[in-house]
There are 2 protein chains.
Amino acid sequence: MQSRTERFAAFRRALKEKGLKSTAQRDDIARVFFASTRHMSIDDLYQEVRKVNPRVGYATVYRTIKLLKDCELADERHFADGQTRYENAESDEEHHDHLICDKCGKIVEFNDQRLESLQEQIASDLGFVLARHRMELYGICRECRESAGRTRRNRAG
Amino acid sequence: MQSRTERFAAFRRALKEKGLKSTAQRDDIARVFFASTRHMSIDDLYQEVRKVNPRVGYATVYRTIKLLKDCELADERHFADGQTRYENAESDEEHHDHLICDKCGKIVEFNDQRLESLQEQIASDLGFVLARHRMELYGICRECRESAGRTRRNRAG
DNA sequence: GTCAGTGCAAAAGATTTGCATGCGA
DNA sequence: TCGCATGCAAATCTTTTGCACTGAC
């Protein structure tokens with residue numbers, strides 16, 4: 001598991017390799033991103049970065065997250081709500097999937113090796129060599145089920 | 001497995017239940033959608049519907065696909081390319097997941113009961129009651145692998 | 001000093017909404 | 001007839017881009 005420091009170093013290295021410049025904005029955005037709780041939207045990232053460096057523009061956040069994607073340091077995700085979010089890229093060893101509560105929106109990460117092997121097998125049976133996958137489970141978490149009897153809280157749409 | 005006629009009837013019924021009107025536009029859009037190859041974008045649907053009825057507006061396609069979602073007759077999907085697409089909703093018995101070729105974009109549907117049970121079990125272990133899931137496997141299909149030896153085609157990224 | 005990187009605002013896409021009019025029930 | 005549904009255009013929202021200026025190398 002890469003530390004945020006290692007990721008940041010990898011970013012700097014990748015920039016250098018590509019002949020791109022390290023700038024205060026890129027550094028701030030990358031640092032915030034690597035330090036972040038996972039699954040940030042562009043706007044989350046923008047807001048966080050502005051706290052550190054109010055001189056960063058929205059466009060630069062977009063441009064930098066695209067760089068991070070290219071460097072394979074950020075994964076883009078489109079969950080069922082349609083919101084585009086980003087998370088720190090996972091290496092093979094730390095791959096995980098998501099379990100999402102339909103009520104409170106909580107996202108739990110998990111990894112199950114049986115699932116991974118089964119997927120490989122299914123793909124192979126259908127003639128594919130599997131590169132990657134996305135899996136999201138949606139349901140209601142324990143807390144929401146327990147509080148459902150008392151309070152009824154729903155999310156729009 | 002519901003036929004397109006059954007789906008259409010279900011749509012009409014759902015409209016009536018909700019106190020909404022059946023109109024030529026809604027009928028045309030629904031018919032085209034139910035008859036469609038799967039995974040249409042809004043624009044695909046719009047283009048197809050215009051062939052049948054050139055008097056249908058873009059906004060109505062949006063409004064109607066939303067209706068179809070509400071009636072659980074259309075499923076909205078956001079594949080990794082970010083394009084929003086719709087497909088005929090699946091009932092529990094005909095649920096399927098997707099296997100997508102990174103090279104040619106081919107989408108193969110499959111269903112595997114072992115996968116379904118495993119997912120239930122994982123969710124339950126983590127305290128969730130599972131409602132639904134999304135799973136997409138990405139890889140390279142046999143045809144693309146076989147032609148790769150001759151022609152080398154790569155995608156950016 | 002040079003040219004890539006940046007902020008801003010404008011542009012481009014995708015989706016939604018306001019409003020006058022049309023049409024189904 | 002009555003009011004929901006529609007088409008159009010304008011409004012939103014998200015993301016990208018053009019341009020003059022800044023700053024890393």
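Per chain, numbering begins at 1; letters A, B, ... match sequence-line order.
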task = Tell me, please, which residues at least two apart from A/His98 pass ring-ring contact (aromatic ring centres under 6.0 Å, His included).
result = A/His39, A/Phe79, A/His96

key: Note: B/Glu136-B/Arg134 ion pair, threshold 4.0 Å (strictly below)   = yes

Contacts of type side-chain hydrogen bond (donor to acceptor under 3.5 Å, both in side chains), residue [X], not counting sequence neighbours:
X: B/Lys106; result: B/Glu143
X: B/Glu116; result: B/His95
X: A/Arg132; result: B/Asp102
X: A/Arg114; result: A/Asp112

Quick one: is [X] getting a side-chain N or O under 4.0 Å of the [N] phosphate, OP1 or OP2?
X: A/Tyr62; N: D/dT15; answer: yes
X: B/Thr84; N: C/dT15; answer: yes
X: B/Lys16; N: C/dA25; answer: no

message = Over all strands shown, is B/Lys18 touching base, sugar-phosphate only, or nothing at heavy-atom distances under 4.0 angstrom?
response = nothing

query = Which of the following nucleotides, D/dC25, D/dT15, C/dT16, is nearest to the side chain of A/Ile42?
reply = D/dT15

request  = Rounded off to whole Å, could you give me the CD-to-P distance for the A/Gln83 and C/dA14 pair?
outcome  = 18 Å

Might you list the N or O atoms of the protein lying below 3.5 Å from N or O atoms in nucleotides 3-8 of chain D, with each pair's distance?
residue: D/dG3; atom: N2; partner: B/Lys21; partner atom: NZ; Å: 2.8
residue: D/dC4; atom: O2; partner: B/Lys21; partner atom: NZ; Å: 3.4
residue: D/dA5; atom: OP1; partner: B/Lys21; partner atom: N; Å: 3.3
residue: D/dA5; atom: OP1; partner: B/Arg26; partner atom: NH1; Å: 2.9
residue: D/dA5; atom: OP1; partner: B/Arg26; partner atom: NH2; Å: 3.2
residue: D/dT6; atom: OP1; partner: B/Thr23; partner atom: OG1; Å: 2.8
residue: D/dT6; atom: O3'; partner: B/Gln25; partner atom: NE2; Å: 2.8
residue: D/dG7; atom: OP1; partner: B/Gln25; partner atom: NE2; Å: 3.2
residue: D/dG7; atom: OP1; partner: B/Arg55; partner atom: O; Å: 2.2
residue: D/dG7; atom: OP1; partner: B/Gly57; partner atom: N; Å: 3.3
residue: D/dG7; atom: OP2; partner: B/Gly57; partner atom: N; Å: 3.0
residue: D/dG7; atom: OP2; partner: B/Thr60; partner atom: OG1; Å: 2.1
residue: D/dG7; atom: N7; partner: B/Arg63; partner atom: NH2; Å: 2.8
residue: D/dG7; atom: O6; partner: B/Arg63; partner atom: NH2; Å: 3.4

